[in-house]
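The figures that follow rest on heavy atoms only: side chains count, while hydrogens, waters and symmetry mates do not. Here is the naming used below: chain letters follow the sequence lines, and residue numbers restart at 1 for every chain.
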Amino acid sequence: MSKIYIVEDDAALCRELSELLQDAGYQTQSLTDFANARENIVASGADLILLDINIPHGNGELLLKQIRRECDTPVIMVTSRTSEADEVLSMSYGADDYITKPYHPAILLLRISAVLKRSKGQPGQPVKSTYRGLTISLAKGSLSDGTQEFIFTKNEMIIFSLLLDNRGRIVTRDQIMTALWDNNEFVNDNALTVNISRLRAKLAECGLENAIETRKKQGYILL
Amino acid sequence: MNFRNYLTDKSASVGITFGAWCVILLFFGAFRTSAEEIVIISVIYFLAAFGRLLYEYFRKRRFYNDLVARSGQLDQKYLLSEMLETPDFFEGKLIHEALREACASMCEQVADYRRVSEEFREYIELWVHEVKLPLASLMLMSHNNPATDERYTEQLHRIDGYIENVLFYARSENAEKDYLIKEVSLQRALVNTALRCRSELLQHRVNLRSEIPDVNVTTDGKWLEYILGQLMGNSLKYLSPDREPEICVYTEIFPDKIILHFRDNGIGIPAADLPRIFDKSFTGENGRIYAKSTGMGLYIVQNLCLRLGHSIRAESVQGQFTDIVITFGRDTLTRIE
């Protein structure tokens, strides 16, 4: 379970954010002692840091610069500052992503899982993943059992890899939709349903019957 | 100032000179002065008068011509006194001094207003950052709490939209350069905008079609996303009830420019209103009939485009489509391959 460290001085927001992340299956810890922010963050051993720019006792961008000197834990800047200059500065200090408040929860979760996935993989090499003996190639958009290769469409691959990243957890339709839209596929509700049933059929072809389970009014889960 | 204007201006003085000469002639007549003496004295008299006129003319000409020329060239005329040399004649010195004082006081006033407007913009930015915190909390609460549904989030999105309007209005009206121009992926900008408007697009069953290739434009990414958001909001406001709504975003690529089309199949804009849709506070027929319109959205959009150096225009046929066309310049020299 990945641990996410939240640096956010607005108490209400911090609480809600922790709840959201815990519901999504992450472990969270939040900073309370802003005077010693850097030491606390570095000592936490978190897998990912959500960092606000406007924080007491300094500035998130400078804090990021200090953190980067000591460790390369992925950092997502989460801020209400919607200016290109702030984003460019943060990225140049080594942030992995930049999200502005107020954010859609599904978008935040998507970005977090993307950054975590990137940080776990080798730089420059695609993340290699397997599912029940099948090797998944994101670049080729295919699943292979060594002898046979099954080609997936772009949408099917996006949905499948999202479910796989969250294997064993419920993934909402909202999350799937967000992932598709994030990849330039502006599908509607009906198209999403069609895409999922096609994915199911294709997985059945690969010998994986009933791999995706529907949880009524909640979403889908990859077993 | 040329000699003819100058002479016209001095006509009274010339008249007095001639009058005085006539009086002198009368005296000469009375004293029976010889003709040669009259001629010699008249020549001296007129040479002196004419010489004085010429001397004055050349002395003033330089200052006044300089004044007129500089004033014509200057964009901000209140900086005029800075550009003028101090003249060497008394009247000129008076004018120059008065002008200098007037300009100094104007500069002070301008600086004052600029400071006030800058402080106001800074406060708006600060306020927007502040108000976004509770808004972000509310959005998360509404998401975390299973009892609330989409309707809450929808209203929160509306508030967020209005807040953005204030922020970008302040940014677009301000003289300070507070944007950052760099290479921005057009596809990414559209995706980010679409993600933000997703629930509204889906709710109205709008089919969003993107035919944007993977190209970069030189612009401020945040400003561009706001512009696209406004265009999307407009398309959503003026949907046609007769057909399945569709928004199609596509580009035309030229060596020196990229043209972005944002086209919807909504109710369109009446031809009479079309030239004025970017005007401040213009609502038009559609604004009155279909939706609550403040006439600010497209005005802000145009302002932002102007400041970023993009051109924007609209094409539309009422009842058929609206196509907003933005042209991004492409500077092939500065691009580092």
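Looking at B:N145, neither its backbone nor its side chain comes within 4.5 Å of chain A, counting heavy atoms on both sides. Residue B:D160 touches chain A through its side chain alone, counting heavy-atom pairs closer than 4.5 Å. Both the backbone and the side chain of A:D174 come within contact range of chain B, each with at least one heavy atom under 4.5 Å from a heavy atom of that chain. Of the two parts of A:L108, neither the backbone nor the side chain holds a non-hydrogen atom closer than 4.5 Å to a non-hydrogen atom of chain B. Residue contact with chain A, scored on non-hydrogen atoms closer than 4.5 Å, is absent for B:L156. For a residue to count as touching a neighbouring chain, one of its non-hydrogen atoms must lie under 4.5 Å from one of that chain's; by this rule B:H129 touches chain A with backbone and side chain alike. Contact of B:L202 with chain A is made through the side chain alone, with heavy-atom distances under 4.5 Å. Only the side chain of B:L167 comes within less than 4.5 Å of a heavy atom in chain A; its backbone stays farther off. A:T79 does not touch chain B: none of its heavy atoms, backbone or side chain, sits under 4.5 Å away. In this structure, chain B has heavy atoms under 4.5 Å from both the backbone and the side chain of A:L20.
Here the CG-CG distance, from A:N54 to B:L133, works out to 8.0 Å after rounding to the nearest 0.5 Å. Annotation: the span from B:L135 atom CG to A:S80 atom OG amounts to 10.5 Å, rounded to 0.5 Å. In this structure, OG1 in A:T82 is found 10.0 Å from CD in B:E225, a value given to the nearest 0.5 Å. Atom OH of A:Y103 is separated from atom NZ of B:K132 by 12.5 Å, given to the nearest 0.5 angstrom. Taking CG from A:N184 and CD from B:E211, the interatomic distance works out to 11.0 Å, rounded to the nearest 0.5 Å. In this structure, CD in A:E19 is found 9.5 Å from CE in B:M141, a value given to the nearest 0.5 Å.
Between A:D182 and B:R188, at least one side-chain nitrogen of the basic residue sits less than 4.0 Å from a carboxylate oxygen of the acidic one, meeting the salt-bridge criterion.
The shortest side-chain heavy-atom distance between B:R205 and A:D189 does not fall under the 4.5 Å cut-off. Within the 4.5 Å cutoff, the side chain of B:E125 has no heavy atoms near those of the A:S83 side chain. By the 4.5 Å heavy-atom criterion applied to side chains, B:L140 and A:R15 are not counted as neighbours.
Side chains of A:T178 and B:R198: a donor-acceptor N/O pair is present below 3.5 angstrom, by distance only.
Other residues, nucleotides and ligands contribute over 12 non-hydrogen atoms within 6.0 Å of the CZ atom of B:F254. For A:F34, the CZ atom counts as densely surrounded, since its 6.0 Å shell holds more than 12 non-hydrogen atoms of other residues, nucleotides or ligands.
Taking every heavy atom of both residues into account, B:A136 and A:P102 meet most closely at CA-CB, 3.7 Å.
Of the listed residues A:H104, A:R81, A:E16, A:E8, the one with more heavy-atom pairs under 4.5 angstrom with chain B than any other is A:E16.
Scanning residues 84-95 of chain A against chain B with a 4.5 Å non-hydrogen threshold yields A:E84, A:A85, A:E87, A:V88, sorted by number.
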Tell me, with the steps shown, if A:F186 and B:V191 meet side chain to side chain contact (heavy atoms under 4.5 Å, CB included). CA-CA 9 Å; A:F186 307 122; B:V191 164; 4.1 Å; yes

